[in-house]
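Written below as structure tokens is the structure these notes are about.
Proteins get letters first, then strands, A, B, ... in listed order; numbering begins at 1 in each. Values reported hereafter were calculated over all heavy atoms of this structure, with side chains retained and with hydrogens, waters and symmetry mates removed.
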There are 2 protein chains.
Amino acid sequence: MPLEKQTEEQIFLAAQRVFQEKGFAGARMQEIADEADINKSMLHYYYRSKEKLFLEVFQSSVKKVFPQLIAILSSGDELEAKVKKVVEFYYNTFRKNPYLPSFVLHEMNQHPKRFKEFINSQNIRIPKEFAEQLETEIEKGRIMPMKPTHFLINIVSLCLMPVIARTLVQTLFSLDDDDFDAFLAERKELIPKVIFSGVQT
Amino acid sequence: MPLEKQTEEQIFLAAQRVFQEKGFAGARMQEIADEADINKSMLHYYYRSKEKLFLEVFQSSVKKVFPQLIAILSSGDELEAKVKKVVEFYYNTFRKNPYLPSFVLHEMNQHPKRFKEFINSQNIRIPKEFAEQLETEIEKGRIMPMKPTHFLINIVSLCLMPVIARTLVQTLFSLDDDDFDAFLAERKELIPKVIFSGVQT
DNA sequence: ATTTTATTCAACCAAATGGTTGAACTATAT
DNA sequence: ATATAGTTCAACCATTTGGTTGAATAAAAT
């Protein structure tokens, strides 16, 4: 087993934990080194600077979320199946990485241009079949008329917000960690129903 | 006109801008001083430390959002009117303070305990009449059955998420600033409809 | 008018922080 | 075995950053 890869990955995982929790500005190279259980200068040996290490973590975080979302939207599934898969995917991903969405959103807002360039470089785009599929469902009366942008943002909002605002939700509703897990699980069932609750007549 | 108040407020407003945009860790006392157009030591003269200045800004930001939300939920209005008022309130507030929600969520997650204590000290609680009101609407079949917690989180999610994820929305959907404003305005009409779109039969 | 208090700021300080260096050590190739 | 390349780390460095000081100035109180 190659030792160097082990160390490099150890560093990367530690950096991921620290950056995702504290953000770029709040993270300390020393803390990452401690978390990785190595000397601080190793960070610079494998990743030349804080900036570079951060970028790898950030871009990997973005790649964990968007390509999968696009893949689901691009598949041949029915719209309802897609929505269910998106909800399921977010639920699974963020139960394991609770800081991920908050982290990406925060850092994205710190450097919008950099983010835009990265997204474009990765060819991340909403598939246009998705819009057509939605149009069909609207005609069938299963969804109230709205632009695809709104439809997508609605789904993502309902999934992400509780995770991002976890502290708030737990505070306002007096939920301990188990309660919160249950709360998220309930939403997994609820969100598709809200999205497909039919039109108002 | 008292000069001291002017300077103090100047500092506070500058701190608000810088902290809301960069967060506590990313904010620099020098930048706040520059933004307030005063010497750096004035910051410490009026607010003893970065921490103290930050706390004032953070707590004031929280107070800008929650009491008003609670007030709307506690009023004697119909449920639908309440929802419309919440949507309207968020729309107006965050059009003027686009970094506010992101800021509060980020810092809240950095210090959950501190946040909980503050919320409790402010007696911020979801009024219980709200739950009863929702129960009535569910019985009338205007809303699908769900716990009040989910109902509230749904509304807040649909309102806040686009603001928090502004960069993402603009990137994915190629919206310039005017397009984005229009997008938010559309949501002001859309969100109450989505919330009250009736039950699936 | 004079003392006292509040306000402002340039210069300074100590600690934290990202980053470097050079020597020691290990593994691999020849 | 020896040379080469890769890996590790303690000690060090330069800069940034939050914070202090003391003197100057303005305002208020006596």
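A salt bridge is defined here as a Lys NZ or Arg NE, NH1 or NH2 lying under 4.0 Å from an Asp or Glu carboxylate O, and A:Lys140 with A:Glu137 meets this definition. Salt-bridge annotation for B:Glu51 and B:Arg114: present, with a side-chain N of the basic residue lying under 4.0 Å from a carboxylate O of the acidic one.
The OH-P distance, from A:Tyr45 to D:dA5, rounds to 12 Å in whole Å. Computed from coordinates, the A:Ile11 CD1 to D:dT7 P distance equals 11 Å when rounded to whole Å. Atom P of nucleotide D:dG6 and atom CD of A:Gln6 are separated by 19 Å, given to the nearest angstrom. The CZ atom of A:Arg48 sits 7 Å away from the P atom of C:dT20 (whole-angstrom rounding). One can place NE2 of A:His44 at 14 Å from C1' of D:dC12, the figure rounded to the nearest angstrom. Protein atom OH of A:Tyr47 is 18 Å distant from nucleotide atom C1' of C:dG18, rounded to whole Å.
Between A:Tyr46 and the phosphate of D:dT8, there is a side-chain N or O to OP1/OP2 separation shorter than 4.0 Å. Contact check, B:Thr7 against C:dT8: a side-chain N or O comes under 4.0 Å of OP1 or OP2.
In this structure A:Val163 satisfies the side-chain contact (heavy atoms from CB on, under 4.5 Å) test together with A:Phe94, A:Pro101, A:Leu184, sequence neighbours excluded.
Side chain to side chain, A:Glu88 and A:Asn92 fail the donor-acceptor criterion of an N or O pair below 3.5 Å. A:Asp177 and A:Gln170 form a side-chain donor-acceptor contact under 3.5 Å, judged by distance and modelled atom types alone.
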Worksheet item: Taking it one step at a time, do A:Tyr47 and A:Glu56 satisfy side chain to side chain contact (heavy atoms under 4.5 Å, CB included)?
Response: CA-CA 9 Å; A:Tyr47 304 85; A:Glu56 298 241 358; 4.1 Å; yes
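Relative ring orientation between B:Phe183 and A:His150 is described as parallel, the plane-to-plane angle staying below 30° on a 0-90° scale split at 30° and 60°.
No side-chain donor-acceptor contact under 3.5 Å links B:Glu31 to the backbone of B:Ala15.
Between B:Phe58 and B:Phe54, the ring centre distance stays below 6.0 Å.
Of the residues in residues 21-42 of chain A, those placing a heavy atom less than 4.0 Å from an atom of DNA chain C are A:Ala27, A:Arg28, A:Met29, A:Lys40, A:Ser41, in numerical order. Across residues 49-61 of chain A, not one residue has a non-hydrogen atom less than 4.0 Å from an atom of DNA chain D.
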